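Counting convention: from 1, in listed order, for ligands and their atoms alike. All of these numbers come straight from a predicted model, not from anything done at the bench.
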Amino acid sequence: MMITIEDIRKAREAIAGVAKYTPVLTSKTLTERSGVEVYIKGEHLQTTGSFKIRGATNKVKKAFREGARHVIAASSGNHGQAVAFVAKTLGMKATVVVPENAAKAKVDAIRNYGAEIIYCGTTSHERIERAKAIAAEDGAVFIPPYDDPLIMAGQGTTGLEILEQVPDVSAIYVPVGGGGLISGVLTAVKESRPNVKVIGVEPELANDTQLSLKKGEPVTIAATETIADGLRTNKPGELTFPVLQKYLDDLVLVSEEEIKAALRFALERMKQLIEPSGCVSLAAVMKHKSDMPNEKVVALASGGNASLSQLGKWLEV
Ligand SMILES: *Cc1c(COP(=O)(O)O)cnc(C)c1O
């Protein structure tokens, strides 16, 4: 029941015109520093500021074709923005359930895309239950953030683009939260170019996937406060995890300090605003050990949404 590269090719057709074909950036300094040729897949420059628009578009469009006119998500972050944006594009109603303590800037961004906001509790469990209850009452379709075949296939389109943009890539570093992005990228890469390595990256403070791979089954960790807020999911998905077990080459951890150093580097040297969740791959590339001359390595910069006040805090020395 795993997704295939065919699902990802179909997703690519479905999302064309909504999601962008994002650029790949290079940095001379980073290349000199790390001893490999570094390429950065710029999903921080994506519509709504993250790759989440890819999966959301694939899933919401399918719901629309099947007659739905109302979608609902439970996310104060990039997934909420993506679902709100796609729904607006298709003329559908969107409801987004956010925690009572959600940052105002994030809620405003979601509201700006025309979604109705509902505040509920502080845990993702409470929000998901509420969203599903509203979906059942209202005939709305619930759009999950990662554990869904159409979401995974949509995120996987990033992998197809990377293989076209850097055809002789040898390794791709991908941030891991619930695993939607990396399971899609793994499927796209391993079912067409199995020799290309795909390496997951987690914050040390949110290493649920590392522990789960070791144990051979999904492990739940306690709530975490890593600055990479898109990677705070405390357990891999039921559909995503088997894809990682089957295909993942390696998983590396990065510290909060390493994430901040990567963020500062991107901003100062590359003039790119990449949010902490998107910087973990950059941080991992900075530690990549190469035994190949002219090796080409891609860091997937998954998003760029951050407020200036947050940035100020992260950049303080
Ligand atoms: C959601 C998100 C992630 C993690 O994606 P998963 O599919 O949950 O693994 C990484 N980076 C950013 C910027 C995100 O918004």
Side-chain angles (χ1 to χ4, degrees), residues 3 8 11 19 22 40-56 58-59 73-85 103 106 109-110 124 128 143-159 172-188 198-203 206-210 212-213 218 224 226-241 243-244 248 251 254 259 262-263 266 272-284 299-307 310:
I3 61 162
I8 299 173
T22 51
I40 293 164
K41 175 62 170 168
E43 288 295 297
H44 61 300
L45 304 170
Q46 182 56 268
T47 307
T48 71
S50 84
F51 72 90
K52 291 277 196 331
I53 192 73
R54 296 174 182 266
N58 199 31
K59 177 80 180 172
S75 156
S76 57
N78 292 337
H79 177 62
Q81 288 193 41
V83 170
F85 180 90
K106 294 196 162 186
I110 296 170
S124 66
I128 290 168
I143 310 294
Y146 50 84
D147 219 10
D148 178 282
L150 288 161
I151 297 284
M152 292 155 67
Q155 320 304 34
T157 58
T158 322
I172 305 172
Y173 284 89
V174 185
V176 180
L181 176 61
I182 196 163
S183 61
V185 169
L186 279 166
T187 305
V198 178
I199 302 164
V201 191
E202 284 188 309
N207 65 337
D208 52 301
T209 297
Q210 185 205 41
S212 302
L213 288 166
T224 144
T226 170
I227 63 167
D229 58 358
L231 311 181
R232 282 181 193 161
T233 31
N234 59 358
K235 177 174 161 233
E238 274 167 38
L239 301 181
T240 59
F241 186 63
V243 183
L244 275 75
L248 193 69
L251 188 121
V254 293
I259 299 171
L263 188 142
Q272 301 294 319
L273 171 51
I274 303 174
E275 66 180 274
S277 301
C279 278
V280 298
S281 49
L282 211 61
L300 204 172
S302 50
N305 290 323
S307 69
Q310 282 177 307

Problem set entry | Sub-4.0 Å atoms of ligand 1 with respect to non-hydrogen atoms of G180 | 6 (P), 7 (O), 9 (O)
Exercise. Counting distance only, does the side-chain N/O of K235 pair as donor-acceptor with the main-chain N or O of D208 below 3.5 Å?
Worked result: no
Problem set entry | P276 backbone acceptor or donor facing D229 side chain under 3.5 Å | no
Problem set entry | Donor-acceptor contact present, side-chain Q46 to main-chain I53, <3.5 Å | no
Seminar exercise, completed: heavy-atom search around atom 14 (C) of ligand 1 in the protein gives K52 NZ, 2.9 Å
For this session: Apply the side chain to side chain contact (heavy atoms under 4.5 Å, CB included) test between R54 and each candidate in T22, I8, T47; give the one that qualifies.
Result: T22
Exercise. Would you say ligand 1 has an N or O under 3.5 Å from any N or O of G278?
Worked result: no
Exercise. If you count the atoms of ligand 1 from 1 in the order shown, which ones are under 4.0 Å from a heavy atom of S277?
Worked result: 11 (N), 12 (C), 13 (C)
Exercise. Identify the closest protein heavy atom to atom 11 (N) of ligand 1: which residue and atom is it, and at what distance?
Worked result: S302 OG, 2.6 Å
Exercise. Donor-acceptor pair, H79 side chain versus Y146 backbone, under 3.5 Å?
Worked result: no
Problem set entry | N305 CG to K106 NZ distance, which is reported to the nearest 0.5 Å | 7.5 Å
Exercise. How far does CD1 of I3 sit from CG of D148, to the nearest 0.5 angstrom?
Worked result: 10.0 Å
For this session: Please confirm whether G177 comes within less than 3.5 Å of ligand 1 when only nitrogen or oxygen atoms on both sides are compared.
Result: yes
For this session: Begin from the C-alpha positions of T157 and N58 and carry the test side-chain contact (heavy atoms from CB on, under 4.5 Å) through to its verdict.
Result: CA-CA 10 Å; T157 58; N58 199 31; over 6 Å; no
Exercise. Relative to the heavy atoms of E275, which atoms of ligand 1 are at a distance of less than 4.0 Å?
Worked result: 13 (C)
Problem set entry | For L231, the ligand 1 atoms whose distance to one of its heavy atoms is below 4.0 Å | 3 (C), 4 (C), 10 (C)
For this session: Tell me which protein heavy atom sits closest to atom 8 (O) of ligand 1, plus the residue, atom name and distance to 0.1 Å.
Result: G178 N, 2.8 Å
Exercise. If you count the atoms of ligand 1 from 1 in the order shown, which ones are under 4.0 Å from a heavy atom of N78?
Worked result: 13 (C), 14 (C), 15 (O)
Problem set entry | Non-hydrogen side-chain atoms of I172 and K41 separated by less than 4.5 Å | no
For this session: Provide the number and element of each atom of ligand 1 under 4.0 Å from a heavy atom of F51.
Result: 1 (C), 2 (C), 3 (C), 5 (O), 10 (C), 11 (N), 12 (C), 14 (C)
Exercise. For ligand 1, which atoms, with element, lie under 4.0 Å from some heavy atom of G303?
Worked result: 13 (C)
Exercise. Do any nitrogen or oxygen atoms of G179 lie less than 3.5 angstrom from nitrogen or oxygen atoms of ligand 1?
Worked result: yes
